[in-house]
Peer 1: 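Below: one structure in structure tokens.
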Amino acid sequence: MTYDVVIIGAGAAGLSAAVYTARGGLKTVVLGDPMNSRVAKAHQFDNYLGFPQGIGGTELMERSAAQARRFGADILKDEVVALAPGESFKVRLAAGDHLEAKALILATGVAGKPSGIKGEEGLVGQGVSHCVICDGFFYRGRKVAVIGHANYGAQEALELLAYTRDVTLFSNGRPFAIDEKLRERLGQEGIALHDDKVLEFTRDESGLTGMLLQNGEQFPAEGAFIALGTAGSADFARTLGIELSGDAIAIDREGKTSFPGIFAAGDCTGGPQQMAKAVGEGCVAALSAIAYVKGTDKPLIDWK
């Protein structure tokens, strides 16, 4: 299905953007579950303007989603596993569906936490990576592992097949939560799945040599890719070569990234991680996306 704008992330920034783009006449879809956002999981917000008695996170997200739908935005509770640029942006979902869009707004929040596996920090860039698109090339024909129990990990494992056929996916001790279609593809491609917990990355003077598993086994590997949980905005930014500032997406005052047609808003652009900031940035990114899609891409605000 083709949209004017795809908004990746259904938190405060994503839904704020959706209200503006849908109300502005753009065919809009928000990807994600508002009830699974960080906002929805918060017990109470007392510092968000307009609610003198405070408001619970769940109620705030329910209201926000209803407002976006009121103006015609679709909300799909699906996970994005891959993006590709072209004449239009192509978005692949975990369920196997494909969407196309003229513009993207990245609003999935902050990047995931490190794996917590002993030795990870000292091996980043020496065998441990967080981005297949960025680093897969360096492991051509080598034995590699992907650590991730969900759809994001499965997709990263499949992406590695462009460089090597020796790929193993580890859940790191958690039950696998991979959609059926993705799981079928893993089987068809011969990617082994292991639910063993990884205790430590092992190394020598040249870098990673493998992983020590909880069952006592030493699993040899020359590369390990961390892909825990779901893909965040910074992961998509790295895939597309978008400029980052540390782990945050670099944007200008109009919510534009370094990639034409891609905008960002919310926690993924850096702190402070506050509701008011996310909502405001969602508005700005949406106004810029509207101008871009309608071919009037010019400064929306005179900042001089």
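Predicted model, so just to flag it, every value in this text is computed and none were measured.
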Peer 1: Can you get from I147 to L199 by hopping between Ile, Leu, Val, Met, Phe, Trp and Tyr side chains that sit under 4.5 Å apart?
Peer 2: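 No, separate clusters.
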Peer 1: With hydrophobic residues grouped by side-chain heavy-atom distances under 4.5 Å, do I105 and L99 end up in a single group?
Peer 2: no
Peer 1: Is there any salt bridge (charged side-chain N to carboxylate O under 4.0 Å, His left out) pair reaching into residues 261-287, and which pairs are they, with sequence neighbours excluded?
Peer 2: R38-D267, K277-E281
Peer 1: Heavy-atom count check: over 12 atoms from other residues, nucleotides or ligands less than 6.0 Å from R23 CZ?
Peer 2: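 Atom CZ in R23 is not crowded, with 12 or fewer foreign heavy atoms closer than 6.0 Å.
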Peer 1: Would you verify whether the NZ or CZ of R140 falls within 45 degrees of the ring axis of F137 while also being under 6.0 Å from that six-membered ring's centre?
Peer 2: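 The answer is yes; both the distance and angle limits are met.
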Peer 1: Sequence neighbours left out, what passes salt bridge (Lys or Arg N to Asp or Glu O under 4.0 Å) with K27? Give chain and number order.
Peer 2: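 Partners of K27 by the salt bridge (Lys or Arg N to Asp or Glu O under 4.0 Å) criterion come out as none, since no residue qualifies.
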Peer 1: Start with the C-alpha gap between V5 and L104, add the side-chain angles, then the distance that decides, and say whether side chain to side chain contact (heavy atoms under 4.5 Å, CB included) holds.
Peer 2: CA-CA 6 Å; V5 59; L104 297 177; over 6 Å; no
Peer 1: Show your reasoning for whether side chain to side chain contact (heavy atoms under 4.5 Å, CB included) applies to I191 and L161.
Peer 2: CA-CA 9 Å; I191 296 176; L161 296 177; 4.0 Å; yes
Peer 1: Could you pull out all residues at least two apart from D4 that satisfy salt bridge (Lys or Arg N to Asp or Glu O under 4.0 Å)?
Peer 2: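 Once residues adjacent in sequence are excluded, the partners of D4 under the salt bridge (Lys or Arg N to Asp or Glu O under 4.0 Å) criterion are K102.
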Peer 1: Yes or no on side-chain hydrogen bond (donor to acceptor under 3.5 Å, both in side chains) for S206 and D204, after CA distance, side-chain angles and deciding distance?
Peer 2: CA-CA 5 Å; S206 62; D204 60 17; 2.7 Å; yes
Peer 1: Given E200, which partner from the list E120, M211, K118, Q218 fulfils the side chain to side chain contact (heavy atoms under 4.5 Å, CB included) test?
Peer 2: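 Among E120, M211, K118, Q218, the one meeting side chain to side chain contact (heavy atoms under 4.5 Å, CB included) with E200 is K118.
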Peer 1: Could you walk me through whether R63 and E59 pass the salt bridge (charged side-chain N to carboxylate O under 4.0 Å, His left out) test, one step at a time?
Peer 2: CA-CA 6 Å; R63 291 186 177 201; E59 182 184 357; 2.9 Å; yes
Peer 1: Starting from the C-alpha separation in whole Å, work towards a yes-or-no answer on side chain to side chain contact (heavy atoms under 4.5 Å, CB included) for V30 and D74.
Peer 2: CA-CA 6 Å; V30 181; D74 294 332; over 6 Å; no
Peer 1: What's the verdict on side chain to side chain contact (heavy atoms under 4.5 Å, CB included) for V29 and I7, showing C-alpha distance, side-chain angles and the deciding distance?
Peer 2: CA-CA 6 Å; V29 62; I7 300 171; over 6 Å; no
Peer 1: What heavy-atom pair brings A154 and L169 nearest, and what distance separates the two atoms?
Peer 2: CA-CD2, 4.1 Å
Peer 1: Can you find a pair of side-chain heavy atoms, one from F138 and one from Y163, that are under 4.5 Å apart?
Peer 2: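 No, too far: nothing below the 4.5 Å cut-off.
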Peer 1: How many angstroms lie between CZ in F236 and SG in C268, if you round to the nearest 0.5 Å?
Peer 2: 11.0 Å
Peer 1: With side-chain hydrogen bond (donor to acceptor under 3.5 Å, both in side chains) as the criterion, how do Q274 and N47 come out once you've worked through the C-alpha distance, each side chain's angles and the decisive distance to 0.1 Å?
Peer 2: CA-CA 9 Å; Q274 293 294 307; N47 59 354; 3.3 Å; yes
Peer 1: Consider only side-chain heavy atoms of I, L, V, M, F, W and Y, link residues closer than 4.5 Å, and tell whether V198 and L123 are in one cluster.
Peer 2: yes
Peer 1: With heavy-atom distances below 4.5 Å as the criterion, would you say the side chains of L60 and M275 are in contact?
Peer 2: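 Side chain of L60 against side chain of M275, heavy atoms only: contact under 4.5 Å found.
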Peer 1: If we only count heavy atoms from C-beta on, is the L182 to Q155 side-chain gap below 4.5 Å?
Peer 2: yes
Peer 1: Nearest 0.5 Å, please: how far is CD in E79 from CD1 in I8?
Peer 2: 11.0 Å
